[in-house]
Peer 1: 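So that we are looking at the same thing, I have put the structure below in structure tokens.
In what follows, every chain begins at residue 1, and chains take the letters A, B, ... in the order their sequences are listed.
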2 protein chains.
Amino acid sequence: MLSNACQYAIRSVLYLSIHSTHEIKIGVKKVAEELETPQPFLAKLLQQLAKSNLISSVKGPNGGFYLTEKNLENSLWDIVKCIDGGDKFDNCFLGLSLCDDSNPCPVHFIVTPFKDKLLNDFRDKTLAQFTKEIITTRRVLSLKDYNVLEKK
Amino acid sequence: MLSNACQYAIRSVLYLSIHSTHEIKIGVKKVAEELETPQPFLAKLLQQLAKSNLISSVKGPNGGFYLTEKNLENSLWDIVKCIDGGDKFDNCFLGLSLCDDSNPCPVHFIVTPFKDKLLNDFRDKTLAQFTKEIITTRRVLSLKDYNVLEKK
DNA sequence: AAAAAAAAAGACTTCTTTATCCTAATTATA
DNA sequence: TATAATTAGGATAAAGAAGTCTTTTTTTTT
């Protein structure tokens, strides 16, 4: 459903949301290691996100990527739009060019509620809210998160 | 989520399920036109389905593809397995290699119910049942179906 | 001012999916 | 039995996604 690129991007942003601040910037290398993603590929994505002002960056020593308060007001949907495009959830599950409530494909009414829910969740929560939930409910973003939970 | 190939395959099988019988076989050309899919590509897919005994075929004049009673006992899930592989719905929505109920990614509990429901629907209904529903509830498979409804 | 560390940018490679084309095999029917 | 219609099979092409590599630019630190 989401491209690899978009999955990496979302996880990166959430990772930054959890671990970075204006004072603590994080380099591609670190992020790629933590999330187990191909480094140069991730670099491209982070650059793209930075260009769209979804994340912030500083070059040079001790530079890296981080999220500002402003960045934290964006949503996951903004990430998806930036990487995969805004029509990602529009397409019919069976590929019909025309498929809506009055002309539904055979799985339309199974798939639509889910897409709506997902879209709402992605669109209506800010990264700040989402991140808070991730922390309080101990959601997993990388193998290292998993290990942390295991060790407790 | 599903590949183009798999979407074509599913729609083709449902189309055959509705319109073909042992006596009325349908050629690739016709199916491709009705479903608006690339013809040679669809041919490959139908061949693959036939090879896996999910649909039936006869060569020569008045030959074509059709479904037997036996074929109609298969499920949509069998089609997906044949074209996209059986692990299609296994992957984490955010691409985590490890993601389950005890180590969930941030969207795990949003996505999982949907995947379960869809998998059940795909796996538990036979094509015969599914087709019956499509007809009684007037679901759309091709632009022509759409026109038929419009004209009523 | 120099050096080093990082992001930014662009060109390039590889892989997968999608799609086409051509030839062979099969089968009904005239 | 010849012909035409149709599926089957294999090789190939085109497009897009995924991923890499190299160079440039910026910025901090010494």
Side-chain angles (χ1 to χ4, degrees), chain A residues 1-13 16 20 22-33 35-67 71 80 82-85 87-88 91 95, chain B residues 1-12 16 20 22-33 35-68 71 80 82-85 87-88 91 95:
Chain A
M1 185 145 219
L2 299 177
S3 67
N4 271 8
C6 194
Q7 294 178 335
Y8 295 161
I10 289 176
R11 289 168 59 207
S12 297
V13 171
L16 290 174
S20 81
H22 183 71
E23 285 72 39
I24 306 173
K25 306 182 182 69
I26 306 181
V28 197
K29 200 181 161 202
K30 170 83 172 166
V31 179
E33 274 168 12
L35 302 184
E36 296 182 300
T37 61
Q39 211 224 76
F41 189 55
L42 188 61
K44 288 283 177 216
L45 296 171
L46 294 182
Q47 285 166 29
Q48 194 179 340
L49 292 169
K51 214 170 180 179
S52 304
N53 297 311
L54 292 170
I55 66 178
S56 306
S57 67
V58 168
K59 293 181 184 178
N62 288 312
F65 296 92
Y66 65 102
L67 298 196
N71 294 146
V80 174
C82 177
I83 305 292
D84 274 353
D87 55 352
K88 194 67 198 186
N91 305 79
Chain B
M1 187 144 215
L2 298 177
S3 67
N4 270 8
C6 194
Q7 293 178 336
Y8 295 160
I10 288 176
R11 289 168 58 209
S12 297
L16 291 174
S20 81
H22 183 70
E23 284 72 39
I24 306 172
K25 305 181 183 69
I26 307 179
V28 197
K29 200 182 161 203
K30 171 83 172 164
V31 179
E33 273 167 13
L35 302 184
E36 296 182 299
T37 60
Q39 211 224 74
F41 189 56
L42 188 62
K44 288 285 176 214
L45 295 171
L46 294 182
Q47 285 166 28
Q48 194 179 341
L49 292 169
K51 214 171 179 179
S52 305
N53 297 309
L54 292 170
I55 67 179
S56 307
S57 66
V58 168
K59 293 180 183 178
N62 290 312
F65 296 92
Y66 66 102
L67 299 196
T68 62
N71 294 146
V80 174
C82 177
I83 305 292
D84 274 354
D87 55 351
K88 194 67 197 185
N91 305 79

Peer 1: Minimum heavy-atom separation for B:Gln39 to B:Ala32, with atom names?
Peer 2: CG-CB, 3.6 Å

Peer 1: For a quick check of understanding: with a heavy-atom distance under 4.0 Å over all strands, which category does B:Lys44 fall into, base, sugar-phosphate or nothing?
Peer 2: base

Peer 1: Mind calculating the distance between NZ (B:Lys29) and C1' (D:dA5) to the nearest angstrom?
Peer 2: 11 Å

Peer 1: Distance check needed: C:dA28 C1' versus B:His22 NE2, whole Å only.
Peer 2: 13 Å

Peer 1: So what does B:Pro38 hit on the nucleic acid, given a heavy-atom distance under 4.0 Å: a base, only sugar-phosphate, or nothing?
Peer 2: sugar-phosphate

Peer 1: Could you check how far CG of B:Leu49 sits from P of D:dA8, rounded to whole Å?
Peer 2: 10 Å

Peer 1: If you only use heavy atoms from C-beta on, which nucleotide in C:dA9, C:dA6, C:dT26 is closest to the side chain of B:Lys59?
Peer 2: C:dT26

Peer 1: Tell me, do B:Ser12 and B:Leu42 make a side-chain contact under 4.5 Å, heavy atoms counted?
Peer 2: yes

Peer 1: Which nucleotide wins on minimum distance to the side chain of A:Ser3, given the candidates C:dA8, C:dT18, D:dA18?
Peer 2: D:dA18

Peer 1: Just compare C:dA11, C:dA19, D:dA18 and give me whichever is closest to any side-chain atom of B:Tyr8.
Peer 2: C:dA19

Peer 1: Name the closest nucleotide to the A:Pro61 side chain, picking from D:dT7, C:dT18, D:dT27.
Peer 2: D:dT27

Peer 1: Picking from B:Val58, B:Ile55, B:Asn71, what satisfies side-chain contact (heavy atoms from CB on, under 4.5 Å) with B:Phe65?
Peer 2: B:Ile55

Peer 1: What I'd like to find out is whether the side chain of A:Thr37 reaches to under 4.5 Å of the side chain of A:Val31, using heavy atoms alone.
Peer 2: no

Peer 1: Please report the distance, rounded to the nearest Å, between CZ in A:Phe65 and P in C:dA5.
Peer 2: 17 Å

Peer 1: What pair of heavy atoms forms the shortest contact from B:Asn91 to B:Lys88, and how long is it?
Peer 2: OD1-O, 3.9 Å

Peer 1: Please pick, from D:dG19, D:dT27, C:dA19, the nucleotide with the shortest atom-to-atom distance to any side-chain atom of A:Asn4.
Peer 2: D:dG19

Peer 1: Taking 4.0 Å as the cut-off, does a side-chain nitrogen or oxygen of B:Ser57 come that near to OP1 or OP2 on D:dA8?
Peer 2: yes

Peer 1: Please state how far atom CG in B:Leu16 lies from atom P in D:dT7, giving the value in whole angstrom units.
Peer 2: 11 Å

Peer 1: Measure distances between side-chain N and O atoms of A:Gln47 and base N and O atoms of C:dA8, and say whether any donor-acceptor pair falls under 3.5 Å.
Peer 2: yes

Peer 1: Starting at atom CD of B:Gln7, determine the distance to atom P of C:dT17, rounded to an integer number of angstrom.
Peer 2: 14 Å

Peer 1: Assign each of A:Ala5 and A:Val58 to its nearest nucleotide of DNA chain D by heavy atoms, then name whichever residue's nucleotide is nearer the 5' end.
Peer 2: A:Ala5

Peer 1: Nearest whole angstrom, please: distance from the C1' of C:dA7 to the OH of A:Tyr66.
Peer 2: 12 Å

Peer 1: Roughly how many Å is it from CG in A:Leu45 to P in C:dA7, rounded to a whole number?
Peer 2: 14 Å

Peer 1: Quick check for you: among C:dT20, D:dT7, C:dA8, whose closest atom lies nearest to any side-chain atom of B:Val28?
Peer 2: D:dT7

Peer 1: Whether A:Asn62 contacts D:dT29 is assessed here as follows: a side-chain N or O lying under 4.0 Å from the phosphate OP1 or OP2. Is that the case?
Peer 2: yes

Peer 1: Shortest non-hydrogen contact from A:His22 to A:Tyr66?
Peer 2: ND1-CE1, 3.4 Å

Peer 1: Only pairs with both distances under 3.5 Å count, Watson-Crick or wobble alike; so what is the partner of D:dT29 in this structure?
Peer 2: C:dA2

